[in-house]
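Worth knowing before you read on, the calculation uses all heavy atoms, side chains too, and leaves out hydrogens, waters and symmetry mates. Position 1 is the first residue of the sequence; numbering continues from there.
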Amino acid sequence: MKSLKAKVNDWIVSIYEDYLTNNHENIMIRNPIYFKLDGFADEPEVYILATDEGLEFGYEATFWDGYMPAPLPGIFKKHSSSWQELQSLSTAEQQEIILKRVMKTINSRKRQYRKCLFCGEHVAAEHRFNNDTCHGCASAYLGVVY
């Protein structure tokens, strides 16, 4: 079985050929390209997005807003690389920088997950009542009403 880093590297090489070149005007994809963390918790995704400034690395997650919190989609940028930085490097060096930034983003997202004491599932911070209890178990076992 391939390591996560090897899978990410293969993904980067495949999208690199399709989208990423040294001429960033040619690759202004305005939609993120996603990498799914297969087999981990609820299989979150991290993204790479080409912007006018460079490449952005992050993830999407729910955040709760308002006096009566409602779930809203959010985009969380974690890292970036400017076009100037990338254009000064060889293709292999560019792919290595992208790999490092994607792996940092993945590790950052994975650290936000905790195991629920009641159901044993790994749950993202935005779906937990507290550090140890998911929303579903908080309702079922702690009497929390959402």
Side-chain angles (χ1 to χ4, degrees), residues 1-21 24 26-83 85-86 89-146:
M1 180 190 264
K2 281 188 174 179
S3 71
L4 177 61
K5 188 172 183 178
K7 289 178 185 177
V8 172
N9 191 57
D10 290 348
W11 175 70
I12 290 168
V13 169
S14 72
I15 64 168
Y16 201 89
E17 294 166 358
D18 294 337
Y19 299 106
L20 304 177
T21 66
H24 72 271
N26 291 338
I27 66 154
M28 292 315 299
I29 47 176
R30 295 297 178 186
N31 295 315
I33 303 169
Y34 292 96
F35 179 81
K36 186 178 192 177
L37 298 176
D38 291 325
F40 177 76
D42 59 354
E43 298 187 334
E45 296 178 321
V46 297
Y47 71 83
I48 297 175
L49 176 64
T51 67
D52 290 334
E53 294 79 34
L55 294 179
E56 177 180 304
F57 306 87
Y59 59 88
E60 294 179 0
T62 302
F63 72 95
W64 299 86
D65 192 24
Y67 71 95
M68 291 185 64
L72 299 172
I75 296 175
F76 299 89
K77 174 183 168 185
K78 295 303 287 181
H79 304 284
S80 63
S81 292
S82 71
W83 292 123
E85 171 191 11
L86 292 171
L89 303 172
S90 70
T91 299
E93 291 170 325
Q94 290 174 11
Q95 290 177 349
E96 184 63 29
I97 292 288
I98 292 168
L99 175 62
K100 287 179 183 177
R101 301 270 160 60
V102 171
M103 289 305 298
K104 283 183 176 184
T105 303
I106 288 170
N107 290 331
S108 174
R109 183 64 175 145
K110 286 175 84 172
R111 281 192 302 272
Q112 296 173 350
Y113 281 73
R114 299 283 185 275
K115 191 172 184 178
C116 176
L117 289 176
F118 295 97
C119 67
E121 295 292 322
H122 283 88
V123 184
E126 64 269 18
H127 298 295
R128 290 193 315 260
F129 171 69
N130 59 28
N131 280 338
D132 301 323
T133 311
C134 70
H135 286 163
C137 290
S139 292
Y141 299 107
L142 303 177
V144 176
V145 177
Y146 291 100

Chemist: Heavy-atom distance under 4.5 Å between the side chains of D52 and W83, does that happen here?
Modeler: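 Answer no - side chains too far apart.
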Chemist: Are the side chains of V46 and F57 in touch, meaning some heavy atoms are under 4.5 Å apart?
Modeler: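 SC-SC contact between V46 and F57 ruled out.
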Chemist: Could you tell me which residues satisfy side-chain hydrogen bond (donor to acceptor under 3.5 Å, both in side chains) with D132, sequence neighbours excluded, listed by chain and number?
Modeler: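 D132: no side-chain hydrogen bond (donor to acceptor under 3.5 Å, both in side chains) contacts found.
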Chemist: Measuring from atom CD1 of I97 to atom NE2 of H79, what distance do you get when rounded to the nearest 0.5 angstrom?
Modeler: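 With rounding to 0.5 Å, CD1 (I97) is 12.5 Å from NE2 (H79).
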Chemist: Just grab all the salt bridge (Lys or Arg N to Asp or Glu O under 4.0 Å) pairs involving residues 34-51, residues at least two apart or on different chains.
Modeler: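 For residues 34-51, and leaving out neighbouring residues, the salt bridge (Lys or Arg N to Asp or Glu O under 4.0 Å) pairs sorted by first residue read K36-E43.
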Chemist: Ring pair (Phe, Tyr, Trp, His ring centres under 6.0 Å) with F76: which residues, sequence neighbours excluded?
Modeler: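 Y59.
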Chemist: Find the distance between CD (Q95) and NZ (K100) and round it off to the nearest 0.5 Å.
Modeler: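 Q95 CD to K100 NZ: 13.5 Å, rounded to 0.5 Å.
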Chemist: Would you name the heavy atoms of T133 and A138 that are closest together and state the gap between them?
Modeler: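 Minimum heavy-atom separation between T133 and A138: CG2-N, 3.5 Å.
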Chemist: Which residue pairs satisfy the ring pair (Phe, Tyr, Trp, His ring centres under 6.0 Å) criterion with at least one member in residues 89-121, sequence neighbours excluded?
Modeler: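 Found F40-Y113, F118-Y141.
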Chemist: Can you sort out the partners of K5 under side chain to side chain contact (heavy atoms under 4.5 Å, CB included), two or more places apart, ordered by chain and number?
Modeler: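 If we apply the side chain to side chain contact (heavy atoms under 4.5 Å, CB included) test to K5, skipping adjacent residues, the hits are S3, L99, M103.
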Chemist: What residues, two or more places apart in sequence or in another chain, satisfy salt bridge (Lys or Arg N to Asp or Glu O under 4.0 Å) together with R114?
Modeler: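 Expected list: none.
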Chemist: Hey, could you give me the CG/CD1 distance between N9 and I98, rounded to the nearest 0.5 Å?
Modeler: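 Here the rounded value is 10.5 Å.
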Chemist: Can you name the residues that form a side chain to side chain contact (heavy atoms under 4.5 Å, CB included) with S108, not counting sequence neighbours?
Modeler: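 Expected list: K78, R111.
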Chemist: Measure the shortest side-chain to side-chain distance between L55 and L49 over non-hydrogen atoms and say whether it is less than 4.5 angstrom.
Modeler: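 Heavy-atom side-chain distance check fails, nothing below 4.5 Å.
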Chemist: Measure the spacing between CG of L37 and NZ of K7 and express it to the nearest 0.5 Å.
Modeler: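 One gets 10.0 Å once the value is rounded to the nearest 0.5 Å.
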Chemist: Please test E56 against I48 for side-chain contact (heavy atoms from CB on, under 4.5 Å), starting from the C-alpha separation and ending with a verdict.
Modeler: CA-CA 6 Å; E56 177 180 304; I48 297 175; over 6 Å; no
Chemist: With sequence neighbours excluded, tell me which residues meet ring pair (Phe, Tyr, Trp, His ring centres under 6.0 Å) with Y47.
Modeler: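 Per chain and number, Y47 pairs via ring pair (Phe, Tyr, Trp, His ring centres under 6.0 Å) with no residue.
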Chemist: Going by the rule side-chain hydrogen bond (donor to acceptor under 3.5 Å, both in side chains), which residues pair with N107 if we only count those two or more places apart in sequence or in a different chain?
Modeler: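 Not a single residue meets the side-chain hydrogen bond (donor to acceptor under 3.5 Å, both in side chains) criterion with N107.
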Chemist: Output every pair passing salt bridge (Lys or Arg N to Asp or Glu O under 4.0 Å) with a member in residues 119-131, not counting sequence neighbours, ordered by first then second residue.
Modeler: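 For residues 119-131, and leaving out neighbouring residues, the salt bridge (Lys or Arg N to Asp or Glu O under 4.0 Å) pairs sorted by first residue read R109-E126.
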Chemist: Under the ring pair (Phe, Tyr, Trp, His ring centres under 6.0 Å) test, which residues partner H122, sequence neighbours left out?
Modeler: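 Per chain and number, H122 pairs via ring pair (Phe, Tyr, Trp, His ring centres under 6.0 Å) with no residue.
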Chemist: Apply side-chain contact (heavy atoms from CB on, under 4.5 Å) to the pair T62 and L72, showing each step before the final yes or no.
Modeler: CA-CA 5 Å; T62 302; L72 299 172; 6.0 Å; no
Chemist: Return the minimal non-hydrogen interatomic distance between C134 and C116, and the atom names on each side.
Modeler: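 Result for this residue pair: N-SG, 3.4 Å.
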Chemist: Could you tell me whether the side chain of F35 reaches within less than 4.5 Å of the side chain of I12, counting heavy atoms only?
Modeler: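 Answer no - side chains too far apart.
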Chemist: Could you please spell out the steps behind the salt bridge (charged side-chain N to carboxylate O under 4.0 Å, His left out) verdict for E85 and R101?
Modeler: CA-CA 13 Å; E85 171 191 11; R101 301 270 160 60; 3.5 Å; yes
Chemist: In chain order, what residues pass the side chain to side chain contact (heavy atoms under 4.5 Å, CB included) check against E93, with sequence neighbours excluded?
Modeler: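 L89, S90.
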